[in-house]
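Inspection log for the structure reproduced underneath, given as structure tokens.
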Amino acid sequence: MSELERAAEAIALAPALALACHQTPDGDALGSMLGLAILAAEQGKEVVASWPDPFLVAPHYTFLPGLELASKPMDYPRAPDVMVTFDCGSIARLGELAQAARSARELVVIDHHVSNDGYGTINVIDPDAAASAVVVRRLLELLDWPLNRDAAECLYTGLVCDTGRFQYDNTTPEVFHLAEELSSFGLPIAEITRQLFEQHRLAYMKLAAAAIERAEYDPDRRFVATWVTAEDFRRYGVEIEETEGLIDLIRRTSEADVSCVVKETPEGVRVSLRAVSDFDVSLVAVGFGGGGHRRAAGFTSERPVGEVLAMIRERLPVVTCP
Ligand SMILES: [Mn+2]
């Protein structure tokens, strides 16, 4: 039996499912989890869905159907019979829900992070899948659970987020086939796009302007980096969840192969890395205890911003220009 078949069997037989995705969930983490949550509830299963504190959703994801099925991590079962994690590359990214994951009888891991270490009892991990939502769609096929419009909207969100709106090189024919299938449920594509990518509060725009203004470029490494301090968040009145797309502005720098945004949080700094060259930024992130993909990765650290940036720079190749 394949891992996908084992996952489908475990999920099909379970009267109750405990679902979880990674901390500070993105569109794919939320979309893949909520998509399955909606359909499992439709099948008459008892569903709990959560992610670690802070139990918040970035404003651009608040439209997602199924959020009403989510509950706080403190209300999560301590030892679920069958638990399923989505888009979560390591057990550490489950935060306080890691304990439930360790105590679960069956832990199904649904993911596409190349850095995933297979912490489940059943591991459905496909690093070639463009999104965890793609893996969820394959699972639904085996389960023979029909899609509905709400679940399609969730999976579409995962797909469009993790392919950078069908622009990254993970945008395969399978991605377009799935997009076609999902959009056929009458999804409001323009509305979803604007909500996800095309609107921000002016306060965020001003914070982003300040971050771009202070960006530093290292020509020897073709590396561009900027940072947002705790003071910036205060001054502009912006929450960290709103700044998820900041790295997508910085990575447009045409001189740079690798880009980075460092954000100060009360628990330390949060680092996002992107690459447009063949350099694998997930290796840098793993070196700091994080993870991700070749071209998009991240980690957290308790070191100060300047120190973290210096350490990243040390790990980047010096590019010799002809
Ligand atoms: Mn993902």
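Just so you know, these numbers use all the heavy atoms, side chains as well, and skip hydrogens, waters and symmetry mates. When a ligand or atom number is given, it counts from 1 through the structure's own listing order. Since we're looking at a predicted model, the values are computed, not measured.
Counting heavy atoms of neighbouring residues, nucleotides and ligands inside a 6.0 Å radius, atom CD of Q199 exceeds 12 of them.
Taking the ring centre of F288 as origin, the terminal cationic atom of R303 falls outside the region bounded by 6.0 Å and 45° from the ring axis.
P304 pairs by the side chain to side chain contact (heavy atoms under 4.5 Å, CB included) definition with E307, not counting sequence neighbours. Here H60 pairs with nothing under the ring pair (Phe, Tyr, Trp, His ring centres under 6.0 Å) rule; sequence neighbours left out.
Tally of protein N, O or S atoms closer to the Mn ion (ligand 1) than 2.8 Å: 4.
Of the charged side-chain nitrogens involved, none lies within less than 4.0 Å of a carboxylate oxygen, so that E9 and R6 do not count as a salt-bridged pair.
The side chain to side chain donor-acceptor pair (under 3.5 Å) pairs that include a residue from residues 69-78 number zero, where partners must be two or more places apart or lie in different chains.
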